[in-house]
Amino acid sequence: MSGKEKSNCPINLSLELIGDRWTLLIIRDMMFAGKKHFREFMQSDEGISSRTLADRLQVLQEEGIVTRHDDPSHKLKTIYRLTPAGIDFLPVLVSLGVWGNRYRAADPALGAVAEELTAGGPEAILRMKRQLAAG
């Protein structure tokens, strides 16, 4: 992403990387749905195209948000995992989920995890980060 940034504002720099819906939804699926294979991401309700998914996964990899590894159980599959930088994005997605649950016509069941993590405070966020890091 270097060369594209318009300022060194930390919010701008963050949005340059994760400011489109697909990138956020890929990270969401990794965090909350445990998705790790390309085909699993393709099955999300939002209907991402394979080209867009491949592009976003590549950018996330280049920017150190996800890693890519061969799947030892299947020679043709790849496993994507969140890096520590990706895992540290958890509170942002939790906040987005809570906001969407409160101010948009969201399915309350889908927002329940974000609400539970918020209610559990920093300890709940830390537990989830540890679970994500464990893989």
For His37, is there any backbone N or O sitting under 3.5 Å from a side-chain donor or acceptor partner on Glu40?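 Yes; at least one donor-acceptor contact below 3.5 Å.
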Check for a donor-acceptor pair, side chain of Thr78 on one end and backbone N or O of Arg68 on the other, with a separation under 3.5 Å.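 Checking the backbone N and O of Arg68 against the side chain of Thr78, no donor-acceptor pair under 3.5 Å is found.
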How far apart are the C-alpha atoms of Phe41 and Lys36, what are their side-chain angles, what is the distance that settles it, and do they pass the side chain to side chain contact (heavy atoms under 4.5 Å, CB included) test? CA-CA 8 Å; Phe41 295 115; Lys36 58 185 177 180; 5.7 Å; no
Just wondering, do [Y] and [X] contact through their side chains at under 4.5 Å, heavy atoms?
| X | Y | answer |
| --- | --- | --- |
| Phe32 | Leu117 | yes |
| Phe38 | Leu53 | yes |
| Lys129 | Pro91 | yes |
| Leu57 | Tyr80 | yes |
| Val94 | Leu90 | yes |
| Val92 | Ser14 | no |
| Leu60 | Ile27 | yes |

Nearest heavy atoms of [X] and [Y], plus distance in Å:
| X | Y | result |
| --- | --- | --- |
| Met42 | Ile48 | CE-O, 3.5 Å |
| Trp22 | Thr52 | CD1-CG2, 3.6 Å |
| Leu132 | Met30 | CD2-O, 4.1 Å |
| Met31 | Leu93 | SD-CD1, 3.7 Å |
| Pro108 | Asn101 | CA-OD1, 3.7 Å |
| Gly64 | Ala85 | O-CB, 3.7 Å |

Supply the atom-to-atom distance [X] [atom1] to [Y] [atom2], rounded to the nearest 0.5 angstrom.
| X | Y | atom1 | atom2 | answer |
| --- | --- | --- | --- | --- |
| Arg56 | Arg21 | CZ | CZ | 11.0 Å |
| Cys9 | Glu16 | SG | CD | 10.5 Å |
| Leu126 | Gln131 | CG | CD | 10.5 Å |
| Leu24 | Asp29 | CG | CG | 11.0 Å |

I'd like to know whether Glu46 forms a salt bridge (charged side-chain N to carboxylate O under 4.0 Å, His left out) with Arg28, so could you lay out the CA-CA distance, the side-chain angles of the two residues, the decisive distance to 0.1 Å, and finally the verdict. CA-CA 12 Å; Glu46 291 81 13; Arg28 173 208 63 188; 2.9 Å; yes
Group every Ile, Leu, Val, Met, Phe, Trp and Tyr by side-chain heavy-atom contacts under 4.5 Å, then state whether Ile65 and Ile79 land in the same group.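 No: no chain of side-chain contacts under 4.5 Å links Ile65 to Ile79.
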Treat each ILVMFWY residue as a node, draw an edge where side-chain heavy atoms are under 4.5 Å apart, and state whether Ile26 and Leu96 are in one component.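 Looking at the clustering, Leu96 is in the same group as Ile26.
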Could I get the full list of side chain to side chain donor-acceptor pair (under 3.5 Å) partners for Gln58, not counting sequence neighbours?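 Testing Gln58 for side chain to side chain donor-acceptor pair (under 3.5 Å), a comparison that skips the adjacent residues, returns Glu62.
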Taking only residues two or more places apart in sequence, or in another chain, which ones meet Glu115 in a salt bridge (charged side-chain N to carboxylate O under 4.0 Å, His left out)?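 With neighbours one apart ignored, the set is Arg102.
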Classify the side-chain pair Ser44/Lys35 by whether it contains a donor and acceptor separated by less than 3.5 Å.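 There is such a pair (donor and acceptor under 3.5 Å, judged by atom type) between the side chains of Ser44 and Lys35.
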Are more than 12 heavy atoms, taken from residues, nucleotides or ligands other than Asp70, located less than 6.0 Å from that residue's CG atom?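 Incorrect, the count does not exceed 12.
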Apply side-chain hydrogen bond (donor to acceptor under 3.5 Å, both in side chains) to Asp20 and Thr23, showing your working. CA-CA 6 Å; Asp20 72 280; Thr23 302; 2.6 Å; yes
